Amino acid sequence: MDVKIINPFLTASAYVFNSMFGITATPGTPYLMTKVTGGHSWEISGILGLTGEFDGIIALRLHKVLAKKMLDRSGIYFTDEQQREDLESGMIAEVANVISGNAVSAIRDYALDIAPPVVVYGKDHIISWPKNYPIIGIPYTTPAGPFEVDVCFREKSF
């Protein structure tokens with residue numbers, strides 16, 4: 001996968017965590033994911049589709065501890081557990097949307113759009129990645145815990 005596609009996600013992810021939550025996110029080395037079913041420790045995934053000259057999906061994956069810290073730092077208050085869960089889910093969806101929107105806007109060589117995000121919860125949940133598409137994992141560390149942005153798409157053949 002072209003670095004002109006990956007680098008905007010590296011930059012956008014660190015920027016969004018710092019600007020929205022004041023959390024410094026340090027990227028690790030991107031890697032090609034080979035195991036695409038289960039076997040991971042992520043508890044939450046914000047997932048959205050990518051369309052246009054490329055198609056595929058993008059996933060923001062993190063642990064509940066980091067999601068809680070993000071919600072705490074957002075300044076949004078809640079009155080009960082159900083409201084907290086609803087706000088957390090909406091926040092993860094919005095963060096995935098903002099990261100992807102910023103990255104797609106920075107990729108000027110291609111016409112790309114993103115679909116509305118969905119959020120999936122559960123330890124070892126499974127994402128149905130498109131078959132035969134490369135999946136690039138971009139790990140990050142933060143003082144509040146790790147997260148990962150996974151990009152899985154390829155250029156359409158017209």
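Worth saying up front: this structure is predicted, and the values here are computed from it rather than measured.
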Connected via hydrophobic side-chain network under 4.5 Å: [X] and [Y]:
X: Y77; Y: L71; answer: no
X: Y121; Y: L62; answer: yes
X: V98; Y: L48; answer: yes
X: I23; Y: W42; answer: no
X: F21; Y: V65; answer: no

Taking all non-hydrogen atoms of both residues, which atom of [X] and which atom of [Y] are closest, and how far apart?
X: G145; Y: L66; answer: O-CD2, 3.8 Å
X: F153; Y: Y133; answer: CA-CD2, 3.7 Å
X: W129; Y: A59; answer: CH2-CB, 4.0 Å
X: E43; Y: K64; answer: OE1-N, 2.7 Å
X: A12; Y: A103; answer: CB-N, 3.9 Å
X: L60; Y: I92; answer: CD2-O, 4.2 Å

Main chain of [Y], side chain of [X]: is a donor-acceptor contact present, judged purely on distance under 3.5 Å?
X: T142; Y: A144; answer: yes
X: E148; Y: R61; answer: no
X: S13; Y: F9; answer: yes

Atom pair [atom1] ([X]) and [atom2] ([Y]), whose distance is rounded to the nearest 0.5 Å:
X: R84; Y: D72; atom1: CZ; atom2: CG; answer: 9.0 Å
X: S45; Y: I57; atom1: OG; atom2: CD1; answer: 9.0 Å
X: I107; Y: L112; atom1: CD1; atom2: CG; answer: 5.5 Å

Exercise for review: Kindly indicate, with the supporting measurements, whether the criterion side chain to side chain contact (heavy atoms under 4.5 Å, CB included) is fulfilled by M20 and M91.
Suggested key: CA-CA 11 Å; M20 289 179 76; M91 176 192 65; 6.0 Å; no
Study note, to complete from the structure: So salt bridge (charged side-chain N to carboxylate O under 4.0 Å, His left out) across residues 109-122, not counting sequence neighbours, yields K4-D109
Review point. Are the aromatic ring centres of Y140 and F17 under 6.0 angstrom apart?
Key: no
Practice item. Just do the side chain to side chain contact (heavy atoms under 4.5 Å, CB included) check on E88 and F78 with the steps written out, would you? Key: CA-CA 10 Å; E88 181 182 273; F78 48 89; over 6 Å; no
**Study point:** Working for side chain to side chain contact (heavy atoms under 4.5 Å, CB included), residues D86 and S89
**Key:** CA-CA 5 Å; D86 292 345; S89 181; 5.9 Å; no
Point to revise | Chi angles and distances behind the side chain to side chain contact (heavy atoms under 4.5 Å, CB included) call for V104, L50 | key: CA-CA 9 Å; V104 164; L50 179 77; 3.8 Å; yes
